[in-house]
Amino acid sequence: MLKFIARRLVLGLITLAILLVIITLIPNIAPGDPARKIAGGTATPERLAQVNESLGLRDPVSTQLTNLGQSVFTLDFGESFSVAAGQPVMDLVFTALGNSAKLVALSLIIMVPLAILGGLVAAYKKDTWIDRTIVNTGLAFSSIPDFVAGVFLLAFLAVPFEFFKVQANAPPGSSILVQIQHLLLPAIAVLMVYFGYIARITRAGTITSLDADYTRTAFMRGLTTREVFRKHVARNALQPTVAVLGTQLGYLFGGMVALEIVFQYPGLGNLIIRAVDRADYPVLRAGVLTVAIIYMLATLAADLLIAWMNPRARLNIGEDA
Amino acid sequence: MTTTEITDDGIVSDPDTAALAIEDLELSYVVRGTPRAVLRGVTFEVRPGEAYGLVGESGCGKSTTAYAALRYLPSNGQIDGGRVTSSGQELTSMSAKELREFRARQASMVFQDPVQAVNPVLKIGRQVAEAFEVMGQSKSEAKKSALAALHRVRIASPESVMDRYPYQLSGGMLQRVVIAMALACDPKLLVLDEPTTGLDATVEAEVLDLVRDLRSELNSAILLIAHNLGVIRTMCDRVGVMYAGRVVEEGTVEEVFDNPSHPYTVGLLNSIPRQGLRKTDRELFAIPGNLPQIGEPLPTCVYVDRCPIANDTCRTEVPPIVDRSEGHWTRCHFPDRLDEIPEPEEVSEVVAVGSEEVVGVHGVSKTFRQRGHDIPALVSVDLGFAEGETLGLVGESGSGKSTLAKTMLGVYEADEGGEITLRGRPMAGKATKRVEESIRSLQMVFQNPDSALNRAWTVRRILTRSITRLTGMKGDEADKRAVEVAEAMRLSPRHLDMRPRQLSGGLKQRVAIARAFAGDPNVVVCDEPTSALDVSVQAAILNLLASLQRDDRTSYLFISHDISVVRYLADRIAVMYVGRIMELGSTEQIFEGPNHPYTEALLSAVPSVDGQAENRIPLTGEIPSPANPPSGCVFHTRCHRFIEGLCEVTEPEMHELSPGHTIKCHLTVEQLSQPVEITEKDRMADVAEPLE
Ligand SMILES: Nc1ncnc2c1ncn2[C@@H]1O[C@H](COP(=O)(O)OP(=O)(O)O)[C@@H](O)[C@H]1O
Ligand code: SF4
Ligand code: SF4
Ligand SMILES: [Mg+2]
């Protein structure tokens, strides 16, 4: 198992290295002056010089690459150009990461149990109106783009009810409950977007598991429906759900740009988009690398969880069960 | 007091004491809002301690009846009428809680596939113990009981089995575990739904032996469902023959199988090769037509559409129950006209097998490499195919049969040194390097036609494509040939424009055979071509293969786990074990013996519908992995004739017992003809060597 984790980490490092190369090469291979492309057409000569200096664009590509690699290990990506000029990039990224983590955590705490429950119930009540209601509701919501969902929530919840906040970011120093109160709307938006997807995956896995002979064996043994679900169905049925959640986690961290903008929330997606907007190359590349690392860790965690659930998967990760 | 109650639908003597009494049960499945009748008045009883068998083609409602016996129905199943009782308790009116109690303490069920019947993510020990916990035992008591239960099903090292996950055990071992769990509550009623269908004949025999032995220790009544008539014959006291949701004939197994009184039973029995029947004797009887769909109205006799002696009475009047002898009845208007059922055709022309070798396999080995290890899956195999000859190939799963087939076809490339020849000329190892002539002359038919046929194409397209690929014919010419080939397969022209999913299993297999025959092959490799089919459909396919062989002089390599089928079709038989041919001889020689000890064990495992009692030689333990073959004779780890100091040291040479009959064993004809003693220890199953 340690071997498996080590192997995955090595693979992750290789992916990361490739990503580093790409990030380094992009400004260098595109035609034109790299500094000008990064700083924008109207930049002053001083500004161009500053860009060249801080990114080392005059250095040979190999030196640039080693420098960037070093940045990753020392967690030092220099200073921000424009998003928050002069501040260390990593400070910005860490703050945004913390914010994202809060939002993602709350979203998952709300969405995952509901979606799984929905999937389990739909599977158990397969082909009844209950099943159809769950599946169709999920489908309807997940076909709405996330920012539309956000705007709807603002219009129908935040505007009429004082309780729901337009701003997802609580004032500094707020208690955790107040912070949660502020984050509620974007978390509900995530629920709307993901409920159908996760419930559908869970439903499919559960139907397969309910239809399996081992479930019949369990029923025939005289267990109650609850016991059958808890002891026999869940661990089999939820493996695909875990796998999907693992791959979606990276997206939740870096891809919720639209929701973060609608709710003016300073998360990672928001930071990256602002960095693009203001040509803040150091922030941009640190943000992208962070999302990549989160994605890797999340899928690794999901694989380990699946290995815990399923002894056969343990074989693939090289542990003798 | 016993009252015999003759209802319209069968006979139940005493519903208050029967382990299971099903009376006039009508059941339907709701499909797209419409209820469709599946059981149309099923009546039978299983008396305490009795083993009752249900036979019939797949889809006739056997499993539905089994589930109904424990009132476990799919969500779309509904009971429309009738009663199910067990020891006087009526299941149809039990509350959910009573039903759970009933299942926990009084009844158990074993399913077809043991691999599916255990939870893949839980250790065996946990699952077996759970069966005892349900009855209120504490965790530690349950664990002890679980060990004892595994021991009872003759598992030699229960501790080690408890600690394993299902995927680490073989199918036979798992079925023992499943049976151990089913017996946890010492049930009054044990329902077994095709418990050995997916297993090798040898494993099947072991599991059946086990159930038979346990019967004497237990007070369970058994409801055994199987489509294999031999299994029912050797296991049951009485049998009910089921057709389209009704029991059409019932009686003791001897009466029903030796004196069948319903045209359907006669059809079933004639469709299997019995009593050593050979392809040169007569054709098998294929019941024409198909089982009616569920929900189809069948107001009179359910069998009327396929019955060869049906007349107007059958079409207008419900047949009564007619008693034949004590406890043996049939539901037919004309049980005395059964001799009018046409006999299967005698085979008039017997075409002699040619003498020239068409395809030869000479010293062929195949070694796979996996993670740096060599796995010799085939070890210097020698076989020859004469024109028009069928070579049967038998052996347990994992013995290398399919590897041999694929190596012959060039799917795998044989190791250096051996060669596969076509009329004496060696062909390339890989199919991709073979000349057109070699590819055309060697074709294959698989067990599962679904995976072999392109689902998106029509039958016509499937056939013309193969014809073009194999013969170079194009356009109209290829189309004409496709029609011809289809006709030879007894496919009607309308089938040509259908797609595989619109065809039944038997028809799909015909298309697969048609495709293999498209280019006029010399040798067709048939890998378990009828294993997935019902006996009556199997009969039609075997007839077809035999008649194509008579007409085209094609040779077959015929792989099957069903020994009686191999006996019917094969001229010679090769027995394979751990990638080696252990015995080769004419079908007569193989069945007369003496045999290689492995063959001896294989042959003794076959449950026969003819009911001769066999002295079974157990083949316990698992087949060794070719990656790690035993020293000396590869069979020595399981051999009942093992000679210490010789067999585990020296690998025997192939030697001739009589002309054309060779075996790979140290023993002489005289030694092999001595009967052997079987001890109790020989019958314990053990797990394979500790896992790597
Ligand atoms: N849940 C279900 N819904 C609809 N049809 C079903 C269902 N289960 C089985 N059937 C159909 O009912 C018939 C009888 O099935 P089954 O009892 O499984 O037969 P057997 O065990 O004899 O093969 C078949 O035609 C089968 O396709
Ligand atoms: S009642 Fe008529 S149709 Fe039915 S099985 Fe008897 S002879 Fe055949
Ligand atoms: S050589 Fe020995 S071990 Fe092998 S089959 Fe013959 S008697 Fe058995
Ligand atoms: Mg069945």
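Convention: sequence-line order gives letters A, B, ...; per-chain numbering from 1. In this text, all values refer to a predicted model and were calculated from it rather than measured experimentally.
- When each of Ala131(B), Ala182(B), Ser108(B) is checked for heavy-atom pairs under 4.5 Å with chain A, Ala131(B) comes out on top.
- With chain A as the partner, the residue from Gln127(B), Met109(B), Arg126(B) showing the most heavy-atom pairs under 4.5 Å is Gln127(B).
- Only the backbone of Ala107(B) comes within less than 4.5 Å of a heavy atom of chain A; no side-chain atom from C-beta onward does.
- Rounding to the nearest 0.5 angstrom, the gap separating the CG atom in Leu184(A) from the CG atom in Leu153(A) is 10.0 Å.
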Report task. Applying salt bridge (charged side-chain N to carboxylate O under 4.0 Å, His left out), run through Arg105(B) and Asp186(B) and close with a yes or a no. Result -> CA-CA 7 Å; Arg105(B) 294 177 186 279; Asp186(B) 210 340; over 6 Å; no
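- Taking a cutoff of 4.0 Å between a charged side-chain nitrogen and a carboxylate oxygen, Arg132(A) and Asp127(A) do not qualify as a salt bridge.
- Interface remark: Glu101(B) contributes no atoms to any contact with chain A (heavy atom separation under 4.5 Å).
- Across Asn119(B), Val115(B), Val178(B), Val191(B), the residue that shares the most heavy-atom pairs under 4.5 angstrom with chain A is Asn119(B).
- For the pair Asp163(B) and Lys123(B), the salt-bridge criterion is met [side-chain N within less than 4.0 Å of a carboxylate O].
- Using a cutoff of 4.0 Å between basic side-chain nitrogens and carboxylate oxygens, Arg216(A) and Asp211(A) are scored as salt-bridged.
- Looking only at distances, no side-chain donor or acceptor of Ser157(B) sits under 3.5 Å from a matching main-chain atom of Ser160(B).
- Contact of Met309(A) with chain B is made through the backbone alone, with heavy-atom distances under 4.5 Å.
- A distance of 9.5 Å separates CZ of Phe132(B) from CZ of Arg221(A), quoted to the nearest 0.5 Å.
- With a threshold of 4.5 angstrom between heavy atoms, Val118(B) approaches chain A through N, CA, C or O but not through any side-chain atom.
- If you measure heavy-atom distances from Lys125(A) to chain B, you find no contacts under 4.5 Å at all.
- For the set Ala184(B), Pro166(B), Ala104(B), the entry with the most heavy-atom pairs within less than 4.5 Å of chain A is Ala104(B).
- By the 4.0 Å N-to-carboxylate-O rule, Arg71(B) lies too far from Glu98(B) to be salt-bridged with it.
- Looking at Glu227(A), there are no atoms closer than 4.5 Å to chain B (heavy atoms on both sides), in backbone or side chain.
- Heavy-atom pairs under 4.5 Å with chain B peak, among Thr128(A), Thr217(A), Thr215(A), Thr225(A), at Thr217(A).
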